[in-house]
Protein chains: 2
Amino acid sequence: MRVNSLTEENYLKALLALSVTSDEVSVNDLAKHLAIKMPTVTSMMKKLAAKRLVQYESYKPIKLTKKGRQEAAGIVRKHRLTEMFLVDKMGFGWEQVHDIAEQIEHIKSPAFFDKMDELLGFPTLDPHGSPIPDKTGKIEWKHYEKLSDCKPGDKVTLSAVLNSSSDFLKFLNSRDLKLGVNLKIDSIEPFDKTITISIGKRKEVLSNLVCEKLLVEKVT
Amino acid sequence: MRVNSLTEENYLKALLALSVTSDEVSVNDLAKHLAIKMPTVTSMMKKLAAKRLVQYESYKPIKLTKKGRQEAAGIVRKHRLTEMFLVDKMGFGWEQVHDIAEQIEHIKSPAFFDKMDELLGFPTLDPHGSPIPDKTGKIEWKHYEKLSDCKPGDKVTLSAVLNSSSDFLKFLNSRDLKLGVNLKIDSIEPFDKTITISIGKRKEVLSNLVCEKLLVEKVT
DNA sequence: TTATAAAGTTAGATTGATCTAACAAATTTT
DNA sequence: AAAATTTGTTAGATCAATCTAACTTTATAA
């Protein structure tokens with residue numbers, strides 16, 4: 001009843017990710033997120049419930065317990081510390097690190113991640129602007145806003161991205177969109193919510209799909 | 001027929017380790033080395049033979065194929081690069097790195113290990129003095145000798161250790177025995193082959209069990 | 001050179017993680 | 001509120017990796 005399997009860890013992580021909005025997660029959503037079938041989820045929920053990592057009753061939504069949430073946060077902590085290490089200490093681009101961190105997050109060695117943490121100077125944000133959970137499992141998001149929720153005329157700084165996939169980040173790279181750049185919202189197309197922004201003198205047109213993945217802070 | 005499971009990788013690594021002496025390995029030895037039962041080995045050998053990673057026929061000893069040997073060397077390469085990285089770039093002691101590397105060696109990301117290699121300046125030896133296999137799978141051991149095979153009066157340099165376990169290396173640490181130290185063999189007890197050595201002015205008594213794990217080079 | 005011991009294999013069971021097919025409950029639509 | 005749809009569960013199968021028990025082959029020793 002002590003260590004969780006790699007598979008169990010992935011369920012916990014998925015549950016945490018899906019809990020951002022509602023804190024209750026459906027079997028269906030979890031199955032889709034993990035690309036597995038619902039019966040597999042049902043049986044795993046029974047196992048995780050027996051380990052007191054989730055709250056689960058037939059036909060009711062799933063909730064992480066405090067213990068489950070902490071274990072999940074521990075994995076996310078390892079993931080984000082790793083991403084930070086790969087970028088800051090090893091020279092990878094932010095678009096290269098997600099898949100590697102996805103594997104390294106399962107390494108069992110507190111000393112390894114403590115050392116990363118120390119070498120990095122105890123960072124609080126990963127290369128994509130997401131908060132690194134602290135050792136107790138607390139995860140503190142800054143008060144960001146989605147670019148898709150901004151108004152024409154707003155001046156903002158790009159502070160985080162909600163998708164760390166290589167493809168998305170390569171797209172941002174191609175437009176020179178990195179964390180910290182300052183943007184001005186020029187106009188929003190009412191029909192499809194496409195946004196035209198200025199970055200210095202350059203103009204870019206970004207689809208709503210993209211803007212929903214970009215978190216910004218207002219600058220005054 | 002492309003990727004090997006973690007379990008398969010561990011069989012290949014074990015086969016390579018056991019091949020140092022004879023290049024043919026018995027089911028029994030492999031079972032003992034992996035702390036599993038013989039029938040499990042038999043069935044895995046059938047699988048690895050189907051993947052052309054080993055040569056295997058009933059009641060005959062097991063041999064790695066060229067392909068199997070290369071895959072095994074690839075894992076050892078990842079293991080030893082990792083150990084080197086942990087010591088040289090992250091500040092771990094040589095006694096701390098084996099267990100972490102044992103996990104990281106299974107990470108699937110050529111870029112990750114290439115980056116380590118580059119940051120380390122393409123090292124050829126790991127922190128325990130073992131050669132890092134090159135990318136083609138070649139492993140070149142220097143011409144070392146076991147301390148247990150030396151004669152009284154020999155002056156030698158400690159060049160490698162044949163056991164990377166934390167316990168063994170802590171023992172060496174406690175005696176200030178690191179790679180590169182110069183030793184003189186003072187005497188060998190005929191009864192149990194215990195060796196007395198001088199390190200500068202200090203004297204140490206080392207059991208035969210320990211001396212068999214220490215590889216040295218003669219100094220002239 | 002036969003008897004005994006050691007090494008190796010086969011057969012069948014177990015466990016974890018997955019699946020499909022069939023059924024049941026809950027929700028949504030008409 | 002009945003019908004249709006979606007969601008969730010159960011039952012039973014599969015696959016990988018392991019085990020034990022029983023049997024066979026090979027090696028060793030008397």
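Sequence lines set the chain letters: A, B, ... in the order given, protein chains first and strands last, and positions in each chain run from 1.
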Quickly work out the A:N10 CG to C:dG16 P distance and round it to whole Å. 17 Å

Is NZ or CZ of A:K115 both nearer than 6.0 Å to the six-membered ring centre of B:F92 and within 45° of the ring axis? yes

Nucleic acid contacts - residues 18-30 of chain A versus DNA chain D, non-hydrogen atoms under 4.0 Å: A:S26, A:V27, A:N28

Set of residues satisfying salt bridge (Lys or Arg N to Asp or Glu O under 4.0 Å) with respect to A:D29, sequence neighbours excluded: none

Between B:D114 and B:K135 (salt bridge meaning N to carboxylate O under 4.0 Å), is one present in this structure? yes

Protein within reach of the bases, or only the backbone? For nucleotides 20-27 of chain D, mark each nucleotide 5' to 3' as B, S or -, using heavy atoms under 4.0 Å. BB--BS--

Can you tell me if B:T42 touches the phosphate of C:dT9, counting only side-chain N or O atoms and a distance under 4.0 Å to OP1 or OP2? yes

Salt bridge or not between B:E102 and B:K13? Use side-chain N to carboxylate O under 4.0 Å. yes

Distance, rounded to the nearest Å, where A:K51 contributes NZ and C:dG16 contributes C1': 11 Å

So what does B:S43 hit on the nucleic acid, given a heavy-atom distance under 4.0 Å: a base, only sugar-phosphate, or nothing? base

Below 4.0 angstrom, N of the basic side chain to O of the carboxylate: do B:K108 and B:E9 qualify? yes

When rounded to whole Å, the CD to C1' distance for the pair A:E8 and C:dT18 reads 14 Å

In Å, rounded to the nearest 0.5 Å, how long is the span from CZ of A:R80 to CD1 of A:I75? 12.0 Å

Donor-acceptor pairs are to be reported for all side-chain atoms of residues 123-134 of chain A against protein atoms at under 3.5 Å, with residues two or more places apart or in another chain.
{"residue": "A:D126", "atom": "OD1", "partner": "A:H128", "partner atom": "N", "Å": "2.7"}
{"residue": "A:D126", "atom": "OD1", "partner": "A:G129", "partner atom": "N", "Å": "3.0"}
{"residue": "A:D126", "atom": "OD1", "partner": "A:S130", "partner atom": "N", "Å": "3.0"}
{"residue": "A:H128", "atom": "ND1", "partner": "A:E83", "partner atom": "OE1", "Å": "3.0"}
{"residue": "A:H128", "atom": "ND1", "partner": "A:S164", "partner atom": "OG", "Å": "3.2"}
{"residue": "A:H128", "atom": "NE2", "partner": "A:W94", "partner atom": "O", "Å": "2.9"}
{"residue": "A:D134", "atom": "OD1", "partner": "A:T136", "partner atom": "N", "Å": "2.8"}
{"residue": "A:D134", "atom": "OD1", "partner": "A:T136", "partner atom": "OG1", "Å": "2.7"}
{"residue": "A:D134", "atom": "OD1", "partner": "A:G137", "partner atom": "N", "Å": "3.0"}
{"residue": "A:D134", "atom": "OD1", "partner": "A:K138", "partner atom": "N", "Å": "3.0"}
{"residue": "A:D134", "atom": "OD2", "partner": "A:T136", "partner atom": "OG1", "Å": "3.4"}

Protein-nucleotide distance (A:E57, atom CD; C:dA26, atom C1'), rounded to Å: 16 Å

Calculate the interatomic distance between A:M44 atom CE and D:dG8 atom C1'; express it in whole Å. 17 Å

In chain order, what residues pass the ring pair (Phe, Tyr, Trp, His ring centres under 6.0 Å) check against A:H106, with sequence neighbours excluded? none

Taking CE from B:M45 and P from D:dA16, how many angstroms apart are they, rounded to a whole number? 15 Å

B:Y11 has an atom OH; how far is it from atom P of D:dA16, in whole Å? 13 Å

Between P on D:dT14 and CD1 on A:I36, what's the gap in Å once rounded to a whole number? 20 Å

Under 4.0 angstrom between B:K46 side-chain N/O and C:dT10 OP1 or OP2: yes

B:E57: which residues meet the salt bridge (Lys or Arg N to Asp or Glu O under 4.0 Å) condition with it, sequence neighbours left out? B:K60

